[in-house]
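Have a look at the structure below, then the notes.
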Amino acid sequence: MTFSQDVWQRNIDLYQKILALPFNQELAAGTLDPQVFCHYVIQDAHYLLAYGRALAVAAAKAYEADDVIQFSEAAKIAIIVERSLHSDFMQEFSISKTEFENTPLTLACHHYTSFLTATAWSESYPVILAALLPCFWIYAEVGKSIIHQSADNNRYQAWIDTYAGEEFNTAVSNVIATIDKVAARCDEDTLAKMHAAYTMGAKLEWLFWDSAYQQRQWLGLDHA
């Protein structure tokens, strides 16, 4: 069994809980409150910048030249997507550049980005990849699942199409292949740390979506 097969099976219940979140179910139905989606888009843009930085560190620690290229390109794409959120979703939902820049990270976003950044700088290359994997893989699986439930004329169709699309899923498959290649060379202790890092990342994916749906802030202290 490959690392990816093993880690997915160990965390399948967590994935099902993410899929069942009201955010994703209402997104598919087209009934998600636009204010909830706006909250999510702003936090996601903040998140993607940190994710891009973590990918860049992964590239710097990569074992092979092809992997350096793969994760350098992934870091670049994360930043490009972050910027496209401004011109696409933020424009569509009337989120101004000033509003975005003045909106601080929520507790969930801060927790997730801090975890990725700390892991990127302090852990080995295999563990970094495991921490980064949930964002790639879970988004792809959610996208492919909810596209079949998507309502006609869904205002969120562009978001769904992005993550269910062939281009994104090909990139995810390539990342999984790289992680399996790296994991095949790892000892038991490193594999255990990889599993722990993936599970934490998956839990933070759940928290990020749940927090967005609840529009959770810092208990009134977010502007302190």
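Between F168 and Y163, the ring planes lie perpendicular to each other; the angle is over 60°, past the 30° to 60° tilted range. Taking the six-membered ring for Trp and thresholds of 30 and 60 degrees, H46 and F100 have nearly parallel ring planes, at less than 30 degrees apart. Note: F37 and Y156 have tilted aromatic rings, judged against thresholds of 30 and 60 degrees for the angle between ring planes.
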Query - Worked verdict on N174 versus Q70 for side chain to side chain contact (heavy atoms under 4.5 Å, CB included) - result: CA-CA 9 Å; N174 291 338; Q70 180 180 17; 3.7 Å; yes
Requested in this report: For the pair W206 and Y15, evaluate side-chain hydrogen bond (donor to acceptor under 3.5 Å, both in side chains) and give the outcome as yes or no after the intermediate values.
Outcome: CA-CA 8 Å; W206 179 92; Y15 165 69; over 6 Å; no
Query - Evaluation steps, side chain to side chain contact (heavy atoms under 4.5 Å, CB included), between L27 and Y213 - result: CA-CA 10 Å; L27 186 85; Y213 187 77; over 6 Å; no
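Hydrophobic clustering (side-chain heavy atoms under 4.5 Å, transitive across Ile, Leu, Val, Met, Phe, Trp, Tyr) groups Y198 together with I12. I176 and Y63 fall within the same hydrophobic cluster, defined by Ile, Leu, Val, Met, Phe, Trp and Tyr side-chain heavy atoms under 4.5 Å apart, directly or through other members. A continuous path of Ile, Leu, Val, Met, Phe, Trp and Tyr side chains, each step under 4.5 Å between heavy atoms, connects L14 with L19, placing both in one hydrophobic cluster. L49 and W121 are members of different hydrophobic clusters when ILVMFWY side chains are connected at heavy-atom separations under 4.5 Å. Using a 4.5 Å cut-off between side-chain heavy atoms of Ile, Leu, Val, Met, Phe, Trp and Tyr, with links allowed through other members, Y125 and V68 fall into different hydrophobic clusters.
Shown here is H195, whose NE2 atom has more than 12 heavy atoms of other residues, nucleotides or ligands within 6.0 Å. Annotation for E101: atom CD counts as buried by contact number, over 12 foreign heavy atoms lying within 6.0 Å.
Of the charged side-chain nitrogens involved, at least one lies within less than 4.0 Å of a carboxylate oxygen, so that E64 and K181 count as a salt-bridged pair. Using a 4.0 Å cut-off between a side-chain N of Lys or Arg and a carboxylate O of Asp or Glu, D189 and K193 do not qualify as a salt bridge.
Using a 4.5 Å heavy-atom threshold, the side chains of Q215 and V36 count as touching. No side-chain heavy atom of Q214 sits under 4.5 Å from any side-chain heavy atom of H39.
Listed for the Q43 side chain is a donor-acceptor partner under 3.5 Å among the backbone atoms of T106. Formation of a donor-acceptor pair under 3.5 Å by the T117 side chain with backbone atoms of T113 is found in this model.
Rounding to the nearest 0.5 Å places NE2 of H148 at 11.5 Å from CD1 of I160. Rounding to the nearest 0.5 Å places NZ of K17 at 11.0 Å from CG of N11.
Here Y47 pairs with Y51, Y112, F208 under the ring-ring contact (aromatic ring centres under 6.0 Å, His included) rule; sequence neighbours left out.
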